[in-house]
Number of protein chains: 2
Amino acid sequence: MKRPTIADIARRAGVSKGAVSYALNGQPGVSEATRARIMAIAQEIGWRPNLAARSLSGARADAIGLVLCRPARFLGVEPFFMELISGIEGELAASSCALMLQVVPDHETEIAVYRRWWGEGRVDGAILVDLHADDPRVPVVERLGMPAVVTGHPSGAGSLTAVWSDEAAVMREVIEYLAALGHRRVARVAGLPGLLHTRIRDEAFAEVCAESGVSEHQVVHTDYTGEQGARATRRLLSSRSRPTAIVYDNDIMAVAGLSVAQEMRLDVPSELSIVGWDDSALSQVVRPALTAVTRDIPACGAHAAQTLLRLIASGERGSHEGPSARLLPRGSTAPAGRDRTVSHVP
Amino acid sequence: MKRPTIADIARRAGVSKGAVSYALNGQPGVSEATRARIMAIAQEIGWRPNLAARSLSGARADAIGLVLCRPARFLGVEPFFMELISGIEGELAASSCALMLQVVPDHETEIAVYRRWWGEGRVDGAILVDLHADDPRVPVVERLGMPAVVTGHPSGAGSLTAVWSDEAAVMREVIEYLAALGHRRVARVAGLPGLLHTRIRDEAFAEVCAESGVSEHQVVHTDYTGEQGARATRRLLSSRSRPTAIVYDNDIMAVAGLSVAQEMRLDVPSELSIVGWDDSALSQVVRPALTAVTRDIPACGAHAAQTLLRLIASGERGSHEGPSARLLPRGSTAPAGRDRTVSHVP
DNA sequence: AAATTTCACTGAACCGTATCAGCGCCCTCT
DNA sequence: AGAGGGCGCTGATACGGTTCAGTGAAATTT
């Protein structure tokens, strides 16, 4: 019992294959009566278009690609990607477009994957995440001519379409908020230094700190893991003039930082304020709940997917800003306390 | 500048398309000299097999499917899936097989996706996760004839190949450990009651508790979110004879539970022991670090993928056990204390 | 009424690969 | 020397769709 083809339908309907193709694709060229008859037969015998045959005839592959380039063990930790994916999915489902996913260890492999996918006609386009400064993927994808949407600042996206959110503006919001609370020594536990958004945040951090009277500010770069977040925090809190507030680049490090503070008998928020980034369920589960920069990540994914689908369908280029982030104060931030080092027990 | 095809190679090599096909696929039928020449030309002009054409000619689709059926907002929370995916990927990469991912809201949609993927020839098989009791997907996939590997107990997998780990044995390990520490009132904050592994754990929990002298034991079912984990914990800890130990079905709920305990001024572990499940980075980041059931999830994914690839390649059926889980004691469990309700401050 | 257009449909070509039957050719065996 | 067999290759066909040029009949225009 083979899978039915349009030839089977044509035979049963007593028409040609061509007519069946027109009928099933809503093309003009058949009468409404014939169309209905053909549709009914297709339905009855359970016909489905063979994707391979369809894309062989020059049509879409009906799939887009997403490559994640982080070591496997770090991926699970960050809710970010899973949320992004579910957002992308939501948009794709409507167009019955599939998502091809691959996890790779480095950019070289990632580029090879794009080459293969595009060469094999497996995808119609791709979403590039984790944009780096001078990202090597950009020129390659440009040269391939593969439609692509980059999530990150347009300055690094070359001629590719970018969707981004204004990281600098949010950083300003965060620092001015902390400054207003009286914090004058603020540290930042940042993510991978190679990432473009890390650099943008770094710059904005330094600039706004200087402007807002945050006299002492420093940045520690990490690999986003809780472990490194904890270590950075321990070091910061052990220094002679320890910060009264720390801004983390993701949730897991913020939670790790909170634990370290508690371990060191520093009360959060009275003795140390903590701000997380890319707010997830995690931030709300710990005590105190974390003040965090929050962003609708699924919506970002959906926005990127939508932009890519439009780019594929109609060649519509042009970068535009996606859902923006904002600071959501919760219990982990408070006015800067007096400078004391004794332990505080509630 | 079109993508090169085997016809281009044939022209340049002065042979027929057939010869080129044999050469490139390592089939007999061409001399080694010709093969080498053809390979060199293919390399030179950057030829890649067109996936669509290849699978149209009856070959593989070179992709397997994975459908995740949980509400989008819960997905990000659980590191589980992302780790599973990276494990699967690791195995697939070696066979240059792709992963098609889809996130759906319910089983009905999930089944429709399998129908479509298989009908369209988009995948060669699929990995089914989150096996339910009387899972409606199993008979459908069986009938479709799509190769599939189910992650879950064989009792629910019908004739499909299952890869599983012995949940009951681990539950025994956990409960006997707690019993040995003197705990006599143990609660379990479980996941979705419909999932097969939830039922298996439920049963094992009740059975082993009874055997080990854990006189009071109860189960609360949740949806795996931190929120419900917190609520369940609050209720358990407010009851008249509150448990001295709680076993959670995932990490995020365990962390939420820990926070609730701290909020209620119960010391962990001296007044309340906490055990998590599916140990992730999260467990190690909080204070005290969580005692947890740990399992190499990427390895589970790799194992499932490998089993599926074998099933596709050689029809090799037969369920077998995957990487097993074990209890990893950390700081959140301790001997059951005296029964006191006053707050404990270190 | 003749000319033209529109409509509904047919038949064939085409996409890029895999595969099969067949065909010389050379080598080996008797 | 003739039969037999394997090697190396060719040419054709299949896979399941899409698409385009063409065709006969009906409808519309002139």
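Just so we're on the same page: letters track the sequence lines, and every chain starts at 1.
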| query | Has B/S16 got a side-chain N or O lying under 4.0 Å from the OP1 or OP2 atom of D/dT10? | reply | yes

| B/S57 vs C/dG16: side-chain N/O to OP1/OP2 distance below 4.0 Å | no

| Using 4.0 Å as the upper bound for N to carboxylate O, is an ion pair formed by A/R48 and B/E120? |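 Judged by the 4.0 Å cut-off on N to carboxylate O distance, B/E120 and A/R48 do not form a salt bridge.
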
| said: Whether B/D62 and B/R60 form a salt bridge (side-chain N of Lys/Arg under 4.0 Å from carboxylate O of Asp/Glu) is what I want to check. | reply: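 Looking at B/R60 and B/D62, the cut-off is not met.
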
Does any part of the side chain of [Y], heavy atoms only, come nearer than 4.5 Å to the side chain of [X], both counted from C-beta?
X	Y	result
A/V103	A/V67	no
A/R295	A/S324	no
A/M100	A/L66	no
A/V140	A/Y114	no
A/C300	A/V163	no
A/D296	A/E83	no

In whole angstroms, how far is the [atom2] atom of [N] from the [atom1] atom of [X]?
X	N	atom1	atom2	answer
A/R35	C/dA8	CZ	C1'	11 Å
A/L56	D/dC15	CG	P	14 Å
A/K17	C/dA12	NZ	C1'	10 Å
B/R11	C/dG16	CZ	P	11 Å
B/I6	D/dT13	CD1	C1'	13 Å
A/D62	D/dT18	CG	P	11 Å
B/R60	D/dC15	CZ	P	18 Å
B/I38	D/dT10	CD1	C1'	12 Å

| task | Using heavy atoms and a sub-4.0 Å distance, could you list which residues of residues 43-54 of chain B are near DNA chain C? By number, please. | result | B/W47, B/R48, B/P49, B/N50, B/A53, B/R54

| request: State the OG1-NE2 distance between B/T161 and B/H320, to the nearest 0.5 angstrom. | output: 8.0 Å

| said: Can you confirm whether B/E321 is buried at CD, in the sense that more than 12 heavy atoms of other residues, nucleotides or ligands lie under 6.0 Å from that atom? | reply: yes

| said: Is it true that, when you exclude A/E108 itself, more than 12 heavy atoms of the residues, nucleotides or ligands shown sit nearer than 6.0 Å to its CD? | reply: no

| request: Using a heavy-atom cut-off of under 4.0 Å over every strand shown, decide if A/G14 touches base, sugar-phosphate, or nothing. | output: sugar-phosphate

| query | What nucleic acid atoms does A/S55 come within less than 4.0 Å of, heavy atoms only: base, sugar-phosphate, or nothing? | reply |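 A/S55: no heavy atom of the nucleic acid under 4.0 Å.
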
| Going through the distances and angles, do A/H303 and A/E91 end up as a side chain to side chain contact (heavy atoms under 4.5 Å, CB included)? | CA-CA 8 Å; A/H303 179 239; A/E91 202 59 36; over 6 Å; no

| request: Go through residues 19-31 of chain A and report each residue with a non-hydrogen atom lying under 4.0 Å from DNA chain D, sorted by number. | output: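 Listed by number, they are A/S21, A/Y22, A/N25, A/Q27.
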
| Just how large is the angle between the end axes of the helix from C/dA1-D/dT30 to C/dT30-D/dA1, five pairs per end, to 10 degrees? |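 Terminal axis comparison yields 40°.
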
